[in-house]
**Student:** 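Starting off with a structure, shown below.
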Amino acid sequence: ERKLPFLDDIRDESEAQMRLVLQPKSRTVEPEMLMEQLFRLTDLENRFSLNLNVLGADNVPRVMSLRDALRAFLDHRHEVLVRRSKFRLGKIEHRLEILDGFLIAFLNLDKVIKIIRTEDEPKPKLMKAFKLSDVQAEAILNMRLRQLRRLEETEIKKEHAALSDERKEIRALLRDETKRWKKIGSEITEIKKLFSDKSGLGKRRTVIGEPPSAVIVPLEAMIEREPITVVCSHLGWIRAAKGHITDADKLKYKEGDKPRFAIHAQTTDKLLVFATNGRFYTLGCDKLPTGRGHGEPLRLMIDLGNGHDVVNLLVHEPGRRLLVASDKGRGFIVPENEVIAQTKNGKQVLNLASDEEAAACSVVGPEDNYVAALGDNRKLLIFRMDNLPEMNRGRGVILQRYNQGGLADAKTYNAKEGLTWRFGKDRSHTETDLKRWIGKRAQAGLIVPKGFPKTGKFG
């Protein structure tokens with residue numbers, strides 16, 4: 001049925017013991033992922049529902065909850081305990097009645113023997129002489145001669161004492177409901193011990209484990225992992241070239257177009273697209289067109305209007321954080337897990353006013369502790385990152401103020417490592433002496449250091 005793309009063949013190598021060999025398509029298939037597929041798409045692991053449409057103790061059909069069913073089970077155990085105890089009590093009282101008769105017979109043994117030998121109807125005579133019941137008289141008449149020995153009298157007295165104690169316990173149990181429930185609890189505990197895995201009686205052939213998670217096997221798990229280079233041009237044409245290409249300028253582009261983004265990724269990765277409308281879009285790298293042609297317009301793959309453009313393109317890494325900001329200088333930090341979009345329409349993360357656009361999106365390093373905001377007026381402001389809130393969605397707070405223009409770029413960095421900006425394609429510069437530009441959030445900042453690139457961007 002072609003439901004298992006990871007599986008190539010199944011071989012039965014059973015001999016004395018059962019042996020089933022599952023052969024994957026290739027060596028790159030992860031065993032855990034293959035088994036996950038088998039568990040989900042076959043009956044190798046199965047879950048079943050419990051339909052508690054039952055007849056209650058009152059013989060009325062109804063659907064019970066698990067609690068109701070357990071309550072009914074315990075009530076049944078209670079009823080069984082009471083009935084069993086009453087039945088046992090009746091048997092004990094019957095036996096004690098007979099034993100009382102035996103003891104009377106032993107105390108008057110000679111007279112009893114004389115009545116039995118001389119009377120044609122000894123039973124009524126015995127009952128009258130010793131005030132015996134019909135049951136006691138019948139038991140004495142049915143007694144064997146060997147039971148008349150002295151030792152037998154001692155055994156009868158022991159049995160009588162033991163049964164008397166048991167009768168006392170049963171009567172106390174029937175009078176006290178709390179004792180009955182304690183008795184039921186101890187019985188269930190004994191059953192659990194008897195049928196535990198350690199005893200062997202309860203050792204299961206089929207393991208009942210935790211139910212499988214509701215998370216469906218991700219589609220990327222079905223994709224063969226291969227290195228690619230995601231290339232997006234200035235005009236918004238995107239493609240995925242095989243391998244990790246170091247110089248994207250060597251690829252062919254449409255006339256008048258040039259490279260803008262070139263990112264190393266894997267076919268199993270997700271691509272995040274942040275646009276000027278403040279939305280994040282998500283694309284599977286395996287869905288990108290191949291690098292043989294010029295690719296396809298990115299706008300056709302996501303619902304990005306003609307009035308908006310791409311701000312940044314990056315490979316999704318779960319657990320990271322991103323800094324997003326608008327051209328009006330407002331921004332915040334957002335967990336990358338919260339920006340994943342499930343539809344082509346994307347996910348709104350940065351809320352914008354009618355005259356506002358998203359201008360910056362950068363990765364926050366795990367050790368970063370400062371934010372650098374750069375305006376169109378080439379003024380740089382640096383402030384501590386703990387002044388910036390972490391949100392899932394919103395407008396954020398003011399990073400930098402401007403008399404004219406707006407935010408050109410923003411990024412975070414670690415003060416010990418310094419702030420880095422790029423020159424051209426391959427050159428970069430790192431500056432650690434930035435005390436002049438450190439201030440408070442929402443200030444204007446100072447002119448950038450000498451030698452800062454004319455592009456007005458950090459990279």
**Student:** P335 versus E390: any side-chain heavy-atom pair under 4.5 Å?
**Tutor:** yes

**Student:** Can we say E153 and K157 salt-bridge, meaning some charged N sits less than 4.0 Å from an Asp/Glu carboxylate O?
**Tutor:** yes

**Student:** How far does CG of L419 sit from OH of Y413, to the nearest 0.5 angstrom?
**Tutor:** 5.5 Å

**Student:** Less than 4.5 Å apart, side chain to side chain, heavy atoms only: is that true for L89 and S85?
**Tutor:** no

**Student:** Between E367 and K416, is the closest basic N to carboxylate O distance under 4.0 Å?
**Tutor:** no

**Student:** Between H264 and I245 (side chain of the first, backbone of the second, donor and acceptor by atom type, cut-off under 3.5 Å), is there such a pair?
**Tutor:** yes

**Student:** Short question: side chain of Q348, backbone of R393 - any donor-acceptor pair under 3.5 Å?
**Tutor:** no

**Student:** Scan T267, D269, T268 and name whichever one has a side chain to side chain donor-acceptor pair (under 3.5 Å) with R225.
**Tutor:** T268

**Student:** Is R401 atom CZ crowded by more than 12 heavy atoms from other residues, nucleotides or ligands, each under 6.0 Å away?
**Tutor:** no

**Student:** Can the positive tip of R279 be found less than 6.0 Å from the middle of the six-membered ring of F274, inside 45° of the ring normal?
**Tutor:** no

**Student:** Under 4.5 Å between any side-chain heavy atoms of S326 and L407, yes or no?
**Tutor:** no

**Student:** Do K128 and E119 meet the salt-bridge criterion of a basic N to acidic O distance under 4.0 Å?
**Tutor:** no

**Student:** Does any part of the side chain of E138, heavy atoms only, come nearer than 4.5 Å to the side chain of M127, both counted from C-beta?
**Tutor:** no

**Student:** Is the backbone of R19 close enough, under 3.5 Å, to the side chain of S14 for a donor and an acceptor to pair up by distance?
**Tutor:** yes

**Student:** So does T420 get a backbone contact from the side chain of K411, meaning a donor-acceptor N/O pair under 3.5 Å?
**Tutor:** yes

**Student:** With a cut-off of 6.0 Å (strictly less than), are more than 12 heavy atoms of other residues, nucleotides or ligands near CG of D58?
**Tutor:** yes

**Student:** When you measure from the side chain of T229 to the backbone N and O of G243, does any donor-acceptor pair fall under 3.5 Å?
**Tutor:** yes

**Student:** Just so I know, are the side chains of F130 and L107 near enough to count as touching, which here means a heavy-atom distance under 4.5 Å?
**Tutor:** no

**Student:** For D303, does its backbone N or O pair with a side-chain atom of Y281 as donor and acceptor, under 3.5 Å?
**Tutor:** yes

**Student:** Any side-chain heavy atom of I438 sitting closer than 4.5 Å to one from F383?
**Tutor:** no

**Student:** Got more than 12 heavy atoms from elsewhere within 6.0 Å of NE2, H244?
**Tutor:** yes

**Student:** What distance do D327 atom CG and L352 atom CG have between them, rounded to the nearest 0.5 Å?
**Tutor:** 8.0 Å

**Student:** Nearest 0.5 Å please: distance from the CG atom of N53 over to the CE atom of M64.
**Tutor:** 10.0 Å

**Student:** Just by modelled atom types, is the L174 backbone N or O under 3.5 Å from a matching donor or acceptor in the R180 side chain?
**Tutor:** yes

**Student:** Within the side chain of K125, is there an N or O that forms a donor-acceptor pair under 3.5 Å with the backbone of D120?
**Tutor:** no

**Student:** Taking 4.0 angstrom as the limit, do E356 and R330 come out as a salt bridge?
**Tutor:** no

**Student:** Check this for me, if you would: do E79 and R83 make a salt bridge, where the nitrogen-to-carboxylate-oxygen distance has to be below 4.0 angstrom?
**Tutor:** yes

**Student:** Over all heavy atoms of both residues, which pair between L55 and P61 is shortest? Give the atoms and the distance, please.
**Tutor:** CD2-N, 3.6 Å

**Student:** Do the side chains of L96 and R167 get nearer than 4.5 Å, heavy atoms only?
**Tutor:** yes

**Student:** Taking 4.0 angstrom as the limit, do D75 and R71 come out as a salt bridge?
**Tutor:** yes

**Student:** Under 6.0 Å from the NZ atom of K347, do we count more than 12 heavy atoms belonging to anything else shown?
**Tutor:** yes

**Student:** Quick check: does any side chain N or O of T432 sit under 3.5 Å from a backbone N or O of G418, one acting as donor and the other as acceptor?
**Tutor:** no

**Student:** Could you tell me the separation between the CD atom of E336 and the CG atom of L322, rounded to the nearest 0.5 Å?
**Tutor:** 4.5 Å

**Student:** Measuring from F280:CZ to L314:CG, what's the distance to the nearest 0.5 Å?
**Tutor:** 7.0 Å

**Student:** Donor-acceptor pair, R441 side chain versus I398 backbone, under 3.5 Å?
**Tutor:** yes

**Student:** Please evaluate residues M301 and L288 with respect to the criterion side chain to side chain contact (heavy atoms under 4.5 Å, CB included), reporting the C-alpha separation (whole Å), side-chain torsions for both, the decisive distance (0.1 Å), and the verdict.
**Tutor:** CA-CA 9 Å; M301 305 181 74; L288 299 176; 4.0 Å; yes

**Student:** Rounded to the nearest 0.5 Å, how far does CE of M35 lie from CG of L38?
**Tutor:** 5.0 Å

**Student:** Any carboxylate oxygen within less than 4.0 angstrom of a Lys/Arg side-chain nitrogen, looking at R171 and E93?
**Tutor:** yes

**Student:** Locate the shortest heavy-atom distance separating F458 from D409; write the atom from each residue and the value.
**Tutor:** N-OD2, 3.0 Å

